[in-house]
Amino acid sequence: MTVEQPYVPHESFVRKRAEEAVGELKNLEPKAKRNTLRLVRNEIIGDRTKKFTFVREGAVQAVSQILRDALTNPADLDATTTDLVIQSAATLGSFSCGLEMGAEAVIESGAVADLTTLLGSCDSRLVTAAARAMRLLFKSSRANALSPLSDAAIHLLINLLSLKDELTAGVSASILAKCCEIHGQQDRIQSYGGLRAIMKLLQSKLLKVQESSMECLAAMTNENKELALAVSLEPETVSTLLKLSKTGNPSVKLLACRCITNISTQPDAPEEIEKLRVHLLPIVIKLLKQLLYAQDPHVPHVLAKLLYDKQDLQNVAYDSNAVFLLTSWLSSLRGKEEEDREAKYLKEGILTAIGIISQHNEDARRSVIELDGIPTIVESLRDEDDGVRAAACLCAKSLSRSRKAIKSSLFEAKIDAPLLSLLSDPSRQVQQTASATLCNLVLSFMPMKENILAAGGVRELAALSKSPDSILRLHSTWAIKNLLYRADRVLKERVMEELTWPQLLALLNDSEPDVQVQAVTIVRNLVFGKKEDIEPVVQYQDGEVLSILERILGPQSGSSAEMKKHAVYAVSNICSGSNKHKDMIMGSMILQSILQCLRDQQSCELRVAAAWVVINLTWQDAEDEASVRSRQLRLTQMGFEAQLESMLEDSSLNVKDRVLAALRGITRGTRRGSAV
Amino acid sequence: MASLGKPGEMRQGSRDAWGHDAKGTVEVKKERMNRLVMNYFVTEGHVDAAREFARESGTATEVDLDTIKDRMLIRRAVQRGEVTEAMDRVNDLNPEILEHDSRLFFHLQQQRLIELIRQKEVDKALLFAQEYLAPLGEENPAFLEELERTLALLAFEDPSTSPVKDLLGVQRRQQAASELNSAILHAQCQEKEPKLPNLLKLLKWSQNRLDEFSDAPYPRMDDFETGETTRSSLQTPMLE
């Protein structure tokens with residue numbers, strides 16, 4: 001909508017006339033009142049300026065009073081009263097359309113209740129007039145402020161769907177569509193047989209009526225598995241929708257595409273319905289081209305939904321130039337000051353679609369960067385609208401999978417600050433996506449790590465790692481792990497200062513195995529490096545961390561191979577430390593578990609990791625031959641040598657290599673050593 | 001109107017494709033013909049003829065004949081220059097038409113202005129332009145140029161000889177009337193033109209295509225008034 005207050009020429013004069021008219025609406029006898037009402041109606045229809053003037057003079061109240069008075073005795077309406085009812089409905093409808101304050105006044109006047117009553121009238125003229133007025137109100141910019149319609153009203157609207165006058169039936173379908181969109185009443189509508197009636201109306205020969213039916217179908221099947229499935233099981237409906245998706249003007253096609261997308265993307269869609277996604281994609285891409293800049297907010301949403309979870313389709317979309325179209329559309333939205341709900345919804349759709357196409361496609365990411373889409377995306381991370389923020393975050397997540405993007409554009413656009421603030425976003429979903437994005441950002445690019453650390457990112461992540469939401473705990477521990485990957489000692493110390501040891505222990509004992517795995521890898525990254533890196537880890541609370549590793553690797557732990565693998569690597573890193581560190585392992589139960597890992601037939605990764613432990617424990621150390629010798633002896637006694645020899649023909653080449661190296665270590669300098 | 005088959009759908013070629021009636025004429029169902037005729041009456045707005053035809057032939061109309069009457073009254077009102085009356089009637093018929101079609105709305109208000117100027121009501125015309133048309137121009141700058149052109153009428157002593165005299169012509173009223181007529185038809189989901197002329201065009205086009213691409217004889221219709229086809233050993237194509 002444009003500016004709310006229009007320019008009114010000859011204001012005082014025009015205003016005076018409106019004031020007089022409103023006075024007449026209140027006071028005259030019915031016949032004269034009717035004439036004034038018709039005049040007012042003719043003045044305001046199509047003319048925002050006039051609406052504004054009349055609303056300000058209280059016309060809405062006066063007209064809705066006329067409607068209320070006329071309906072005090074609804075059973076017996078004479079011709080004049082009937083006309084008064086029709087004209088007041090038309091006038092109230094017009095006041096709702098195109099002027100926010102008009103719609104607001106109509107809602108406040110309480111006229112909706114009277115209009116709803118009229119839907120049940122036996123005079124078809126009254127029904128049509130009321131339905132038209134209600135549609136204008138439900139499509140107005142203040143529609144969100146309407147209260148949900150009562151069951152009785154919904155029932156009446158559904159009855160209208162089977163009227164012989166299909167145009168009025170179509171009006172009812174549009175209202176019901178809005179009831180779904182605004183108040184989520186699809187199941188209520190369905191309980192009165194609404195879906196069946198709508199599908200029947202879709203078979204109308206009047207295109208307008210078909211359009212309204214599709215509006216309603218699209219709204220009812222949106223995010224509603226049950227209804228989507230019900231529609232997909234109706235061959236007649238599906239074939240009509242397909243036909244409509246190929247013929248007619250773009251807006252008709254789009255409506256049909258919305259319906260088909262809803263039914264073909266729901267998880268339980270029958271196979272032949274699911275296949276329609278492939279079929280629909282070129283149509284939607286063409287619509288994207290046709291409706292570009294037409295600011296229709298639905299196209300990008302349909303595209304995003306269609307591509308969700310379908311990598312092959314995402315690639316087709318990229319090849320069809322969709323990223324170019326979407327990114328230029330996004331850039332064209334930049335710098336618009338006032339944005340209504342629809343503009344936000346559009347932005348959300350474009351960002352989601354870009355995010356989904358570039359999820360697995362590096363070329364797509366590169367296109368977004370080259371088309372200079374990043375600044376807008378980063379800007380949208382700060383948007384006040386929940387949906388836009390979530391979508392921008394999704395986009396950022398996809399882009400953060402590209403190292404090139406991280407090192408250049410994302411860094412330049414200073415994505416870190418807005419992203420960090422999203423870690424404490426009120427929306428859980430935004431938090432989840434933001435923390436996942438952060439995982440990628442901190443992976444390898446030092447300046448980005450520095451920025452995030454300096455901005456208090458670890459503190460935020462540490463706080464998230466205490467969240468009751470396991471996904472947030474997972475993502476935050478994951479990000480911390482990535483931050484620690486090949487980090488130097490200073491960085492490790494700074495991270496642990498924020499994370500704290502007790503919290504790390506808590507994560508190692510987390511109820512979610514996935515979080516535990518990430519915590520174990522944090523330990524693995526912490527003990528990677530020099531003796532000085534290992535020391536604080538094994539020192540904390542007299543080797544508490546070691547006990548946990550021992551437990552994870554123990555025979556009764558039930559740990560997954562993945563978890564064991566990281567634990568074994570952590571052990572192996574510790575074994576690369578000083579003699580003291582090596583002996584800590586030698587003296588623990590862990591050693592026995594390592595032997596078990598070598599025997600694990602399922603995971604060759606685990607066998608490789610375990611072989612590394614032996615390699616590190618027997619690493620040649622010129623200064624302390626004796627310690628090496630004693631470890632070699634102990635390992636042989638425990639049966640490591642025999643086990644390793646039995647693995648010389650391991651099916652995995654990786655394992656074979658490591659086993660050879662481990663055997664060399666265990667026998668080095670001994671009599672048997674020369675044999676190998 | 002429902003599906004009238006497309007003549008173009010018939011593949012060229014085999015003899016029996018032209019139909020299987022031994023006499024060489026193909027039956028076009030009377031009901032279909034009647035519906036074509038009815039469609040013509042309704043779309044062109046011949047309401048009395050339509051009513052009489054419905055009574056005589058029993059052909060149903062998909063449109064309420066009263067709405068045709070209203071549509072014709074509205075059209076004539078604009079043609080007479082009584083635009084206010086026309087707008088009142090349109091709003092009676094369906095208040096959404098002028099609400100959503102800002103272009104049409106502007107053209108009707110512009111026509112009201114033109115009529116005031118025609119009646120030499122200079123003061124009223126100026127006031128009207130400022131009160132009703134200026135805000136429309138304000139909201140949609142595309143209208144401003146047309147508005148300026150209309151107001152230019154006031155600048156001439158004798159507008160009927162001015163460079164903008166076309167605005168005062170019958171043509172202008174006709175234009176507004178038919179724009180409004182189309183909008184009403186559109187709101188009622190009816191075609192903007194009758195089917196018959198288009199069918200004839202299609203027939204002629206198909207015949208030309210046949211002549212271009214094939215020498216195969218076929219029953220050609222040359223006289224559209226009588227619908228006679230040229231004699232041929234083959235049978236007559238049907239519009240089916």
Side-chain angles (χ1 to χ4, degrees), chain A residues 1-3 6-11 13-14 17 35 37-53 83 86-87 89-98 124-125 128-129 131-133 135-136 139 164-168 170-171 174 204-212, chain B residues 1-4 35 60 62-64 66-67 83-110 112 123 126-141 143 147 180 183-192:
Chain A
M1 193 182 295
T2 45
V3 245
Y7 144 70
V8 185
H10 306 295
E11 192 169 344
F13 160 70
V14 173
R17 250 186 21 218
N35 292 340
L37 182 56
R38 293 181 74 95
L39 281 179
V40 172
R41 178 199 70 176
N42 292 347
E43 287 273 288
I44 64 164
I45 285 181
D47 193 333
R48 276 188 76 231
T49 314
K50 289 286 176 190
K51 287 178 198 182
F52 175 77
T53 309
D83 197 45
I86 294 175
Q87 300 325 328
T91 311
L92 290 170
S94 178
F95 274 130
S96 321
C97 175
S124 64
R125 291 171 302 166
T128 303
R132 279 174 179 161
R135 169 158 76 176
L136 288 173
K139 287 199 166 185
K164 204 172 154 256
D165 169 13
E166 289 185 335
L167 287 170
T168 303
V171 177
S174 301
S204 163
K205 291 195 179 90
L206 307 179
L207 187 61
K208 255 178 191 246
V209 177
Q210 287 184 308
E211 278 185 72
S212 306
Chain B
M1 279 266 170
S3 58
L4 276 160
R35 266 157 58 196
E62 280 163 17
V63 188
D64 182 357
D66 286 334
T67 64
V83 188
T84 315
E85 186 201 320
M87 288 170 81
D88 185 47
R89 284 184 186 278
V90 177
N91 288 339
D92 274 346
L93 200 60
N94 183 350
E96 287 172 310
I97 295 175
L98 295 183
E99 191 74 80
H100 294 314
D101 192 341
S102 58
R103 199 177 170 72
L104 169 68
F105 183 69
F106 173 80
H107 282 152
L108 291 178
Q109 297 288 44
Q110 181 192 20
R112 279 172 81 183
D123 293 344
L126 273 175
L127 269 178
F128 182 84
Q130 287 175 29
E131 188 180 339
Y132 292 85
L133 285 156
L136 297 181
E138 188 88 358
E139 288 199 354
N140 188 345
F143 297 149
L147 179 55
L180 184 53
I184 298 172
L185 284 169
H186 180 69
Q188 294 170 342
C189 283
Q190 295 182 56
E191 289 113 278
K192 290 172 192 163

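Residue numbering restarts at 1 for every chain, and letters A, B, ... go by the order of the sequence lines. Quick caveat, the model's predicted, so the values are computed rather than measured.
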F105(B) meets the ring pair (Phe, Tyr, Trp, His ring centres under 6.0 Å) criterion, sequence neighbours left out, with none

### Message
Closer than 4.0 angstrom, basic N to acidic O: yes or no for R48(A) and E138(B)?
### Response
no

Turns out that what part of L136(A) lies under 4.5 Å from chain B's heavy atoms comes down to side chain

Quick one: does any side-chain atom of E99(B) pair with a main-chain N or O of G46(A) as donor and acceptor, under 3.5 Å?
yes

Cut-off 4.5 Å, heavy atoms of chain B, and the answer for K164(A) is neither

Which of V14(A), D47(A), T49(A) passes side chain to side chain contact (heavy atoms under 4.5 Å, CB included) with Y132(B)? It is D47(A)

Could you check whether any side-chain heavy atom of L206(A) comes within less than 4.5 Å of a side-chain heavy atom of Q190(B), counting everything from C-beta outward?
no

**Message:** Using a strict threshold of under 4.0 Å (side-chain N to carboxylate O), is an ion pair present between D92(B) and R41(A)?
**Reply:** yes

Taken to the nearest 0.5 Å, the spacing of N42(A) CG from D88(B) CG works out to 4.5 Å

Heavy atoms, side chains only, cut-off 4.5 Å: are H186(B) and K208(A) in contact?
yes

Bottom line for E166(A): the part with an atom under 4.5 Å from chain B's heavy atoms is neither

Output for pair (H100(B) NE2, C97(A) SG), nearest 0.5 Å, gives 5.0 Å

May I ask you to decide whether R17(A) forms a salt bridge with E131(B), counting only side-chain N to carboxylate O separations under 4.0 Å? yes

If one checks every heavy atom of L167(A) against chain B at 4.5 Å, the contacting part turns out to be side chain

Honestly, the part of R135(A) sitting under 4.5 Å from a heavy atom of chain B is side chain

Residues passing the salt bridge (Lys or Arg N to Asp or Glu O under 4.0 Å) test with D123(B), sequence neighbours excluded, are none

